[in-house]
Amino acid sequence: MRKYTIKRKRLNETDSTNNYLNAHLADFEGTDIAVVETEFQSAGRGQGTNTWESEKGENLLFSILCHPVGVPVREQFIVSMATALTLRDVLTQYTDGISIKWPNDIYYHDQKISGTLIETHIRKGQISDCILGIGIDVNQKAFHSDAPNPVSLYQILGREVNREEILLQIIDKLQHYLTMIEENRYQEIIDLYMSYLYRGTGFWPFRDSNGDFEAAIVEVEDDGHLVLRDRSDRFRSYLFKEVQFML
């Protein structure tokens, strides 16, 4: 694995670490990996219109700016896979029962412990920059929003965990997967991602705009489409937010 240059910045509070990085890209020019972390986000975002609940100083809220090499636009989901694998690998060191819920949430059994919002910048048909906005529930004791199924490491383990230790492990593991991307080892990443998918085998309940149905996951395509096979052996393809896992 090659040596990456890393720059970190800690903020006491910001609206969003993704927003901060987007507004300060020039500050990190020439750095392979930039990490901006904060104790509290006043406007932390999830996918779409989702928000992220986090008590100040209890969890990990950070964004990583990286520059995956040679990734065509049509295959950009490989970065999402690599990010999800990074988080799964690290959290698995603390507890069993960790999986990746398509596209890139991290689950502890049927509860969400981490979410990621990825923003990409494109240049000449390839990804030039990626901002990985990550939230991990680490030491939060209780949740008060209407989010259906959050869980923290504290709730799982019954003790607090060193947040800095987790973040350092994530930075280290991400370098491993970025190196795999640079070496064009896409199929290895895809195979690992598929092997750790939440509800990756068997038939499970889903819901789309036409109603409820049962299906099995067949594959995740290069562009991120989830392909399902329903009980009638009909194949269905979805982008994120077009289909819902029924918990």
Side-chain angles (χ1 to χ4, degrees), residues 45-52 71-89 91-92 95-120 122 125 127 130 132-135 137 143 145-151 156 177 180-181 184-247:
R45 292 179 292 148
Q47 296 282 0
T49 59
N50 295 345
T51 58
W52 185 266
V71 180
V73 173
R74 66 182 182 279
E75 296 182 75
Q76 62 182 300
F77 193 72
I78 199 71
V79 179
S80 183
M81 290 182 174
T83 305
L85 285 167
T86 294
L87 299 174
R88 190 219 73 93
D89 289 357
L91 290 174
T92 295
T95 181
D96 295 331
I98 299 293
S99 62
I100 300 167
K101 178 175 171 287
W102 174 85
N104 54 25
D105 285 341
I106 306 300
Y107 264 43
Y108 168 74
H109 297 290
D110 291 323
Q111 294 179 280
K112 181 175 176 177
I113 192 169
S114 175
T116 301
L117 174 66
I118 299 180
E119 301 179 46
T120 56
I122 307 299
I127 294 175
C130 274
L132 318 172
I134 298 169
D137 294 324
F143 296 89
S145 75
D146 57 0
N149 59 340
V151 70
I156 296 166
Y177 284 110
M180 289 182 70
I181 289 174
N184 202 33
R185 294 160 60 189
Y186 287 19
Q187 193 58 51
E188 291 179 55
I189 294 173
I190 292 167
D191 290 345
L192 284 171
Y193 176 89
M194 293 300 299
S195 71
Y196 296 130
L197 269 186
Y198 173 73
R199 296 183 175 178
T201 59
F203 282 81
W204 296 93
F206 292 87
R207 176 178 294 162
D208 64 11
S209 59
N210 295 314
D212 295 353
F213 62 98
E214 287 192 345
I217 295 175
V218 177
E219 66 173 333
V220 177
E221 296 178 324
D222 290 346
D223 61 0
H225 277 82
L226 178 69
V227 180
L228 304 176
R229 178 173 58 86
D230 65 22
R231 292 285 190 180
S232 302
D233 280 336
R234 172 191 167 198
F235 289 88
R236 305 171 179 231
S237 179
Y238 298 96
L239 282 173
F240 186 55
K241 291 295 187 183
E242 291 180 347
V243 67
Q244 179 182 353
F245 289 73
M246 300 304 294
L247 301 177

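Residues passing the side chain to side chain donor-acceptor pair (under 3.5 Å) test with R207 are D212, sequence neighbours excluded. By the salt bridge (charged side-chain N to carboxylate O under 4.0 Å, His left out) test, D222 is found to be paired with no residue, residues two or more places apart in sequence or in another chain being considered. Qualifying side chain to side chain donor-acceptor pair (under 3.5 Å) partners for Y196, counting only residues two or more places apart in sequence or in other chains: none. Remark: T120 engages Q76 in a side chain to side chain donor-acceptor pair (under 3.5 Å) (not counting sequence neighbours). Under the salt bridge (charged side-chain N to carboxylate O under 4.0 Å, His left out) criterion, D208 pairs with R236, not counting sequence neighbours.
Between G135 and S114, the shortest heavy-atom contact is O-OG, 3.0 Å. Between F245 and R199, the shortest heavy-atom distance links the atoms CD2-CD, 4.3 Å. Of all heavy-atom pairs spanning Y193 and P103, the tightest one is OH-O, 2.7 Å.
At distances below 3.5 Å, not a single donor-acceptor pair connects side-chain atoms of W102 with backbone N or O atoms of G200. At distances below 3.5 Å, not a single donor-acceptor pair connects side-chain atoms of D223 with backbone N or O atoms of E75.
Heavy atoms of other residues, nucleotides or ligands lying less than 6.0 angstrom from CZ of R74 number 12 at most.
Within the model, atoms CD of E214 and CZ of F203 stand 8.0 Å from one another, a figure rounded to the nearest 0.5 Å.
The closest side-chain heavy-atom distance from I106 to L91 is below 4.5 Å.
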Cut-off 3.5 Å, no hydrogens considered: what does the side-chain donor-acceptor table look like for residues 79-87, sequence neighbours left out?
residue : atom : partner : partner atom : Å
S80     : OG   : N104    : ND2          : 3.1
T83     : OG1  : V79     : O            : 2.8
T86     : OG1  : A82     : O            : 2.9

